[in-house]
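Down below is the structure, laid out as structure tokens.
Quick note: numbers below take in every heavy atom, side chains included, and nothing from hydrogens, waters or symmetry partners. Quick caveat: nothing in here was measured; it's all calculated off a predicted structure.
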Amino acid sequence: MCVGQAVEQTVDEVVHSRKKTSKWYKNWKIIISIVLILITLIILGMSYYQANHFNANITINTIDVGGLTADEALAKLQASNLKNEIYIGDQQILDGQDRLMGLSEADLPEVEKLLKSQYTFFPSFKAEDFSLLPSEQDLYRSKVLKKALEQELVSMNETLEAPIDSQAILQDGKIIVTESNDGQQYDIDSLLESYDNHDYTSEVRLEPIHLLPIKEDSEMVKNQEKKLQELLDHTVDYKVQDQVHSLKGSDVIKNATVSGELKVKVDPKDLQAKLTEINDSQSTLGKDFTFKTHSGSVISVKGKGYGWALNVEKETAQVQAAFEKGESSTSASNIYGNGWSNEGYGYDTLTNDGIGDTYAEVSIAEQRMWLYKDGKEIFTTHVVTGKRSTGEDTNPGVWYILYKRTPYTLTGSAVGNPDYSVDVSYWAPFTNGGQGFHDASWRGNWSSTAYLTGGSGGCVNVPPGVMSTVYNNLSVYQPVVIY
């Protein structure tokens with residue numbers, strides 16, 4: 001074969017080969033295009049499915065909704081039962097009524113949101129549980145079952161040991177901190193809060209939450225210690241008449257507690273003992289008055305109607321409140337005595353051993369009376385007092401003028417005269433039993449010994465001619481000293 005023939009043959013072979021390659025190439029392009037179209041269709045279909053179906057292993061309120069559309073998932077949830085069993089830890093404490101989940105068509109948008117939130121381009125097998133609450137409140141779950149849970153917890157706590165708080169107390173004059181102790185009672189408020197925040201599931205499982213005691217190193221206990229120390233350092237100035245008694249907490253308070261609101265509560269026993277001491281020292285009720293008579297002699301006269309004393313119980317409560325509130329002073333205000341309404345007289349009188357400088361003086365032995373005003377004698381007269389022979393003596397003691405009347409009708413009884421009625425121009429009684437000053441126009445015997453066998457029924461008879469002067473110089477609540 002010549003060279004020309006060889007070259008021509010080679011060229012033909014190359015052309016033929018290229019024709020075959022071009023045909024194959026065209027077929028391959030078609031195949032690839034078809035494959036790409038199929039892949040695209042598969043991807044689009046998968047994307048559409050993924051966008052409209054929940055992934056596998058997805059649950060809502062523990063209900064499996066894997067592979068379901070939003071509508072299908074909602075339908076399955078609506079058909080699901082809630083057993084409404086409540087557990088604390090592993091212990092079932094309540095078995096509520098079985099009820100369907102309270103979901104409605106109004107909850108579909110929320111289901112669709114959950115569907116969107118779990119979307120993945122490729123199918124996922126990751127397990128995930130979503131919580132969905134009804135748009136319309138489940139009244140059984142939120143009200144009835146919750147109330148039943150609260151009642152059950154209250155009942156359980158009654159049989160469980162309560163925690164003991166540590167606290168700072170004042171005991172026998174010393175501040176001490178008591179030991180705390182854990183209990184087994186449940187913290188009902190916290191458990192109810194956990195219940196409110198629990199997922200909307202068939203079973204309600206709550207972690208145990210117990211009431212915790214206040215511990216020894218807590219801020220509360222430290223504040224209580226501080227409050228008690230302030231109490232011990234605090235002083236209340238207690239004024240009785242013109243005397244001020246500075247009462248320091250550490251001297252008059254030996255036991256006290258402090259509440260959680262840091263309010264102090266004082267045991268009043270030791271404080272009351274101190275106020276009893278003050279009352280015994282200053283009060284005049286039922287005591288002997290030292291009295292200087294018209295003649296200058298000093299005698300002792302028993303307080304009868306006149307006099308005062310502190311109501312120690314009420315005064316203790318008053319001073320106790322001053323300490324508890326942190327007040328710095330208080331004055332005596334609960335006074336009693338032998339008055340008709342248990343009122344006491346003479347509290348504001350500080351001179352002349354508590355009798356003062358304006359008073360009436362009657363001497364039974366001398367059968368005479370004197371009137372004093374501002375420490376000066378302003379009038380004197382002879383009188384006739386109660387009959388000695390029949391035991392109707394005028395009662396000695398320190399009294400006070402109860403009231404005054406002009407004119408007046410005296411009624412009552414006396415030895416030998418069980419029922420009498422006498423008109424007088426002036427009447428000024430000084431005893432609750434009916435003794436007083438009055439004129440006696442019927443009396444003829446005004447001698448200094450008349451009282452022995454011919455005296456009055458107990459009153460102080462004053463000559464009619466001077467009774468107006470006596471009457472006008474007597475004032476209500478004025479002391480009357482009879483001896």
*Carefully, step by step, assess Glu261 and Lys263 under the rule salt bridge (Lys or Arg N to Asp or Glu O under 4.0 Å).*
CA-CA 6 Å; Glu261 295 78 25; Lys263 291 184 178 180; over 6 Å; no
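- Judged as a ring pair (Phe, Tyr, Trp, His ring centres under 6.0 Å), the pairs with a partner in residues 53-107 (not counting sequence neighbours) are, in order, Tyr49-His53.
- Atom OG1 of Thr431 sits about 12.0 Å away from atom CG of Asn338, to the nearest 0.5 Å.
- Checking Glu313 against Thr316 by side-chain atom types alone, no donor-acceptor pair falls below 3.5 Å.
- The backbone N or O of Asp64 sits less than 3.5 Å from a side-chain atom of Lys76, completing a donor-acceptor pair.
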_Pair Lys146, Asp196 - check salt bridge (Lys or Arg N to Asp or Glu O under 4.0 Å), show working._
CA-CA 8 Å; Lys146 181 180 178 180; Asp196 288 335; 2.9 Å; yes
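- When only modelled atom types and interatomic distance are considered, Glu327 and His234 share no side-chain donor-acceptor pair under 3.5 Å.
- Counting only N and O atoms by type, the side chains of Glu315 and Asn334 include a donor and acceptor under 3.5 Å apart.
- No donor-acceptor contact under 3.5 angstrom links the side chains of Gln318 and Tyr238, judged on distance only.
- Using modelled atom types, one side-chain atom of Ser194 and one backbone atom of Ser190 make a donor-acceptor pair closer than 3.5 Å.
- Of the possible polar contacts, one joining the Lys287 side chain to the Asp280 backbone as a donor-acceptor pair under 3.5 Å is found.
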_The test is ring-ring contact (aromatic ring centres under 6.0 Å, His included); show your working for Phe437 and Phe430 and say whether it passes._
CA-CA 8 Å; Phe437 299 105; Phe430 51 76; 5.2 Å; yes
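- Across all non-hydrogen atoms, the minimal contact from Leu94 to Leu149 is CD2-N, 3.7 Å.
- Between the side chains of Tyr195 and Glu150, not a single donor N or O lies within less than 3.5 Å of an accepting N or O.
- Checked for salt-bridge contact, Lys274 and Asp251 miss the test: no charged N lies under 4.0 Å from a carboxylate O.
- Residues Ser135 and Asp107 have side chains that bring a donor and an acceptor to within less than 3.5 angstrom of each other.
- Side-chain contact annotation: Glu343 with Tyr345, donor-acceptor N/O pair under 3.5 Å present.
- No hydrogens or angles considered: a donor-acceptor pair under 3.5 Å links the side chains of Asp199 and Ser131.
- Ion pairing between a basic and an acidic side chain is recognised when a charged N comes within 4.0 Å of a carboxylate O; Lys113 and Glu110 show such pairing.
- Of the possible donor and acceptor atoms, one in the side chain of Gln435 sits under 3.5 Å from a partner among the backbone N and O of Asn395.
- Residues meeting the side-chain contact (heavy atoms from CB on, under 4.5 Å) test with Ala70, sequence neighbours left out: Leu108, Val111, Glu112, Leu115.
- Here CG of Leu160 is found 6.0 Å from CE of Met156. Values are rounded to the nearest 0.5 Å.
- Scanning for side-chain contact (heavy atoms from CB on, under 4.5 Å) contacts around Thr411 gives Thr409, Ser421, with sequence neighbours left out.
- The aromatic ring centroids of Tyr359 and Phe291 lie less than 6.0 Å from each other.
- One distance of note links CG of Asp129 with CG of Asn61; it measures 7.0 Å at 0.5 Å rounding.
- Between the side chain of Asn157 and the backbone N or O of Gln185, no donor-acceptor pair lies under 3.5 Å.
- Taking all atoms of both residues into account, the shortest heavy-atom contact from Thr358 to Asp374 is OG1-N, 3.0 Å.
- No more than 12 heavy atoms of other residues, nucleotides or ligands lie within 6.0 Å of OH in Tyr477, so this atom counts as exposed by the packing criterion.
- Taking all atoms of both residues into account, the shortest heavy-atom contact from Leu310 to Ala332 is CD2-CB, 3.7 Å.
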